[in-house]
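Below you'll find the structure, written out as structure tokens, and then a few comments.
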Amino acid sequence: MLDTASNRPALPPEIARRRTFAIISHPDAGKTTLTEKFLLFGGAIQMAGQVRAKGEARRTRSDFMQMEKDRGISVSASAMSFDFGNYRFNLVDTPGHSDFSEDTYRTLTAVDAAVMVIDGAKGVESQTQKLFEVCRLRDLPILTFCNKMDRESRDTFEIIDEIQENLAIDVTPASWPIGVGRDFLGCYDMLNNRLELMDRSDRNRVADSIKIEGLDDPKLEEHVPAHLVEQLREEVEMARELLPKLDPQAVLEGTMTPIWFGSAINSFGVKELMTGIGNYGPEPQPQSADPRQIAPDETKVTGFVFKVQANMDPKHRDRVAFVRLASGHFERGMKMTHVRTKKPMAISNPVLFLASDRELAEEAWAGDIIGIPNHGQLRIGDTLTEGESLKVTGIPSFAPELLQNCRAGDPMKAKHLEKALMQFAEEGAAKVFKPAFGSGFIVGVVGALQFEVLASRIELEYGLPVRFEPSQFTSARWVNGDKMAVEKFISANKQHISHDNDGDVVFLTRLQWDIDRVERDYPDIKLTATKEMM
Ligand code: G4P
């Protein structure tokens, strides 16, 4: 059977029903609240508020670390699976703070779509814009939720214009808000000609929808005050004239985003958004790999690691590798090949992240995220196959933007510190460089807050107080070239040379001038700011 939209053979139903996505937003736009409502309507939790522990504002079950609880930020990316209608949703949580952009970037390599949440009063904010750009690099389809419509918000046309202009994407309204702020009543569902009214009495309840026959239906007046009916008719007519119609193919190609208006805290608009993700969101997509692409319906199982999380549960000193399945039907106990080391691996205790509890995954399909507990064999970027030598591509590592020296509070504990740092480097939480000259380590991160997170985790997980101190270096570049050229370069630039945790040669720089000098004096050496994870 051919899938009419893509002209590709239709996927097996178990794969076709999967929707794997992330939520991108600026802090405070309502990502946590929306996640909670997804879980509620997906049957993964019984009652909203369960996700936030009592008395502690702002934390979801997807926040594992003590540090996150203390600060109310989500440092790690985790995955949650739940069913909605005929669909299986895999929601991969992205860290919200801008300091963790590298982690976020990698998370976005594991999803097929993103839900962009914006605050109706604030529009497109800086972090949304940045994350959007990352999605664009991969042509990820984006579905938009304009949140907090129960508060004073901007004019609907203005919001849509802002998205179109700032993000250069066509916006098509899937719903249209009726009234604003305290007068916000609900939305007119533009796709199904339905009236959706908000139930203000119970935040976790969703009022029944009212089917109407277009905007001239007299039933509209029974539910909406006359002045708002008038305004709604005018606005919808204008929207239909001025804004593009929903084109499912353009949504899948990432050139158009449908927008739903709602209020996550009042559970309003969330089900419509979920239905939209099911209907218009992409099925699991082919994965780029070397030497060939992986199609989701291949019978053989393949997957790749996009995230490693150590010490998720302080009681069990385990490491969990988050694996996105790129193809096939995985069953517990399967023997896979770890392509980097060419070693077989029996996956006997995989976990599926069903919202709150980790459960043993008996089976999983292309599109799903499974967790594989391991002792450090699995690293970010690793590919697992049923024997074929395939390497998933497109999972980059970025040059850090901030560097500091790291020392153990107790000099006798240097070896322990090395072990801890290497572990965090493998998790992708930091870059660790061992300078060719001198002792100690240089730690590189993308955002300053990561130093604090690291210090706190090293103390918490290894009982090791550490100090971060300013380094003379400000940036790092990977050194590429043929063996002879690299050796010559190393011996002439020893003060700048270090090795990263994979043993690759890195040039530490103080000023842009250092980089310019290398480019001028060493034509056979190429310095790069990213490297593919091996
Ligand atoms: P984030 O994860 O994107 O950072 O946002 P989060 O869901 O934590 O929401 C940020 C704040 O916005 C929270 O209030 C939350 O209750 C509120 N909020 C979320 N959705 C809506 C909505 O639809 N309408 C209104 N009016 N507010 C909404 P807070 O006071 O910062 O935290 P809390 O005390 O409620 O936990």
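The basis for the numbers below is simple: all heavy atoms, side chains too, and nothing from hydrogens, waters or symmetry mates. All residue numbers refer to positions in the sequence shown, counting from 1. We count ligands from 1, going down the list as the structure has it; atoms in each ligand are counted the same way.
Aromatic ring centroids of Phe84 and Phe41 lie 6.0 Å or more apart.
For ligand 1 and Lys31, the ligand atoms under 4.0 Å from any heavy atom of the residue are 1 (P), 2 (O), 3 (O), 5 (O), 7 (O). Taking every non-hydrogen atom of Arg151 and a distance limit under 4.0 Å, the qualifying atoms of ligand 1 come out as 26 (N), 27 (N).
Taking any N or O of Leu34, backbone or side chain, none lies under 3.5 Å from an N or O belonging to ligand 1. At under 3.5 Å, a nitrogen or oxygen of Ala264, whether backbone or side chain, sits near a nitrogen or oxygen of ligand 1. Where the criterion is an N or O separation shorter than 3.5 Å, residue side chain and backbone included, Gly262 fails it with respect to ligand 1.
If you check each of Gly269, Ser153, Ser263 against atom 23 (O) of ligand 1, the one with the closest non-hydrogen atom is Ser263. Nearest-residue assignment for atom 20 (N) of ligand 1 (options Asp28, Asn266, Ile23, Asn147; heavy-atom criterion): Asn147.
Checked by atom type and distance alone, the side chain of Gln164 pairs as donor or acceptor with a backbone atom of Val171 at under 3.5 Å.
Screening residues 114-159 for ring pair (Phe, Tyr, Trp, His ring centres under 6.0 Å), with sequence neighbours left out, gives Phe157-Trp176.
Side-chain contact, Ser175 with Asp189: no donor N or O sits under 3.5 Å from an acceptor N or O. Side chains of Thr144 and Thr257: a donor-acceptor N/O pair is present below 3.5 angstrom, by distance only.
Side-chain contact check for Arg194 versus Ile212: every heavy-atom pair is 4.5 Å or farther apart.
For Thr33, heavy-atom contacts with ligand 1 shorter than 4.0 Å involve the backbone as well as the side chain.
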